[in-house]
Participant: 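First the structure, which I've put down as C-alpha cells, then a few questions once you've had a look.
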Amino acid sequence: MATSSSDFKIFKTLNIAITDILKDTVSYLTTKFKQSLKVFTAASPFGQIIIVIENLSQLIFYYIEDSITELSMIDATRVSSIYSLSQIAGHNPSRAISAGGEVSFSTNSNSLEADFDIVLIPNLTKLKCVNNGLNYVIKMPQDNIKFSMKGVDNGVKLNIQQGIIENQTFVARGISTESITVSSPQNFFVDNYLVDVFVNGEKWKRYDSILDMPKNEKAYMVKTGVTSGVDIYFGNDYFGKIPKRGSQINVEYLINGGASGNIQTLTASQVKFEWEETGFTLIGNEVDLNEYISVTTTQSPNFGADPEDSELTRLLAPKQSKSFALVNIDHYEAILYRLKLFSMINVFLDENDNRMLNLFLIPDVSKLFNTGQDYFTIDPSKFKFNNYQKNELLRYLDKTGSKLISTDVKIIDPEIIKYVLNISIVAFNDVATEVIKRDIIDDVGNYFVSNKRRSRVPKSDIIRVVEDINGVDSVSVAIVGEENETAHILDPNYKGSLGLDEFNDIIGTKYQLPIVQGGFKDRYGNEYNEGISDETLGALNIQIKKIIPRPLVLEDDKK
Amino acid sequence: MTRNSIYRKTFSRKERLLNQGYDYKDNILKNTMSSQMFEVNETFDMYIKGLNDVMYENIEAVKQIKVFANIALDKYETKIK
C-alpha cells in the first residue's frame, strides 16, 4: 500500500488556537478511519479522550504562560513570586515576623495528686491562645525543662512565639555552595528569623552573606525562596563549610501569622493559654499538662509584623542592594516602619554624642481602642514602651541588619505633656447636640492619634476639624496646658507661657509628646478630671453656646 | 547533583519533604474522565495509561521553566511544587 507523508499529517496549518488543533485532529481521524463525526462526541470513548486531552493541553499552555508571567517583577501577581524575584534583584524582603511574649508556669491543685515528681516540657511545645485561637510555641535554648510538681519551679518564665514549627529533612550532596529549596506554599509566612538548620543533628550558624562566613565555619545562609518557601545556601570550604556527602540536613522553621499574633491588652494576665501538646514523665509517659500546670501571661505577645507589602517590595527591589545595612537615619526609619507598630517614628542624633541615635517611638495606641477605651481615656503609660518591649525592639534591630560598629541606638521615653481643650460652639438646630458632641470627640481624637507633629500643634487645625463637623456653625477653642498652669500656680507673678505660644498653639520639644488628657488643676482652681464627662470638666470640654436655625440658601448664593 | 545520575534515588531515600503538592502522576486521566472508561478491557487500560504518562510528562516539562529560573535548584530537580 502506497503511503506518503501527507497521509500522516494531522495538522494542516500552523495553528495556535487549541480549538483549531482539535478541529484538525477530529478531521484527520474521521478521514483516516472513515468514521462519522458522531463517533467523536463526549459520549463515545475516543471523543471523550480527545476532549479531555484538549482541556488538559489548554491547562498546560496556561501553566507555561503563568510560569513566564510570574518571572517578571512587573507582571507577577502572586506575592510569593514578587518576593522571590526581589531576592534575585538583591533586596531581601522582610517576611512575616512572629509575635513574641513571655509566660510563667505554676502547678495547680491537681499536682498534689500526681504520681510523678518531675514533668519534662520539651522545647517548641505548642500552646493555644484562648483569646485569638492561634498556636504559640515555647522557645527555650535547651531541649526541654524539668518542671517540679512540688511547686519549687513555680513562676519560671519562658518565651513564646506565635506560629507552628515545621521540619523538613534533606540529604547533602557534598558539593561546593550547595543549596536546597525548602518548599512552603506561602513563603512570606515563613518566619523572618526563626529558621534553624541542623546538619547530622548539630546546629549550624546563620550568616547574612556567604562572604561573612569564616573559613570552614559550620555556617549557612537563608534567603526567601526563588520559587517558593526559603532557600538555604552552604559554604565552599573557603567561606563556610561544605556539608559532607550523605549528611542529613534538618531544616526547622516557624510558620506564623505576622501581626495577627499580637494581642493588645491592658493587663497581660488577660491573655489565656492552654496546652496543646503533652509533657512527659522521666520514664516517658505522656502527661496532660492542662491538668497539672497553669500558664500565666507575663508579657502579652507583641512585635509580630506582617510581611513587607508586595507593592513596596516591587518598588524597592530594583533600587536596593544594601538592605542589610543599618547606616543612616533613613535605614532605621524604614526598618521600623515595616513593623507597623508605631503611630510616630522619629530617629535623630543625640545632641551630646553624635555616635548615638535616638529612637523616638510612640506605640500605635489606636490598637487598644477596641478594649473600651479611646484617646482621651487611655492610660498615659500606654504611650511609652516598657523595658521588656524596648529590649525586644533592640533585639529586632540587631537581628535585622548590620549596625555600624561606631553607632549605637537608644529608645527614648517621650515626656508626656498634658493639655485640655475647651471648645465652645454655635450649633445649628437641625443636628442633635449629642451627635455633634460625639462627632467632635471622635474627630479631635482621630486628629491627635494620627498627628505626626510635635514641635507645633496649631490651634487652627483643631478649629478646622471641629468646623468640618455637620451641625457646627462657629467654633472657638482654648487650650490649657498642665505645665503652664503649674508654673502659674507656683509663681502667681509668672508672665510667660510654657508649652503654648501667643497663638495658643501647642509647642513642644522633640522629646515631648503632647496628649489631651485631664488630671490637673488650672490657676483659677478649676479641676480637669481624667476622661470626658458631661457633669465635670475633663480632657475635652464642649460648650454649646447657642443653637440657631440653619439659614436658608440665598438666591444670590445659588447663582 | 549536577548530572542526572541513576544514583539520585540514594539521596532522596532519606529525605522527608513537605509541601510537595498533590501527586497527580497516575491520576490525571482517572480524575478527568468518566469512570466507565476504566477496567473495561486490558488493552484499553494500557492505552489510557500510556496517554496518562504522556500528559504527565508534558505537565512536568513546564516545571523546567521554574527550575531553570531558580538558582538554588539543579537542573534535574523535579521536587518543586
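Note that the structure is predicted; figures quoted are calculated from it, not measured. Both backbone and side-chain heavy atoms feed into the values below; hydrogens, waters and symmetry mates do not. Reminder, nothing fancy here: chain letters follow the sequence lines and each chain counts from 1.
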Participant: Where does M37(B) contact chain A at under 4.5 Å (heavy atoms): side chain, backbone, both or neither?
Facilitator: side chain
Participant: Which bit of I51(A) is near chain B, if near means a heavy-atom gap under 4.5 Å: side chain, backbone, both or neither?
Facilitator: neither
Participant: Are N70(B) and T181(A) close enough that some pair of their side-chain heavy atoms sits under 4.5 Å apart?
Facilitator: yes
Participant: Is the number of heavy atoms from other residues, nucleotides or ligands within 6.0 Å of CG (N41(B)) greater than 12?
Facilitator: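 Correct, the count exceeds 12.
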Participant: Is any side-chain heavy atom of L71(A) closer than 4.5 Å to one of I65(B)?
Facilitator: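 The answer is yes; the side chains approach within 4.5 Å.
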Participant: Go through the atoms of I249(A) and report whether side chain, backbone, both or neither lie under 4.5 Å from a heavy atom of chain B.
Facilitator: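 Contact with chain B involves no heavy atom of I249(A) at all.
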Participant: Go through the structure and list residues passing salt bridge (charged side-chain N to carboxylate O under 4.0 Å, His left out) with K218(A), not counting sequence neighbours.
Facilitator: E202(A)
Participant: Quick one: which of I68(A), L59(A), I60(A) gives a side chain to side chain contact (heavy atoms under 4.5 Å, CB included) with V62(B)?
Facilitator: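 Among I68(A), L59(A), I60(A), the one meeting side chain to side chain contact (heavy atoms under 4.5 Å, CB included) with V62(B) is I60(A).
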Participant: Go through L17(B), L51(B), L18(B) and name the one with the most non-hydrogen pairs under 4.5 angstrom from chain A.
Facilitator: L18(B)
Participant: Not counting sequence neighbours, which residues clear ring-ring contact (aromatic ring centres under 6.0 Å, His included) with F38(B)? List them please.
Facilitator: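 F38(B): no ring-ring contact (aromatic ring centres under 6.0 Å, His included) contacts found.
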Participant: E77(B), M55(B), K63(B): which one forms the most heavy-atom pairs within less than 4.5 Å of chain A?
Facilitator: M55(B)
Participant: Please report the shortest heavy-atom distance between A72(B) and S179(A), naming the atom on each side.
Facilitator: O-OG, 2.7 Å
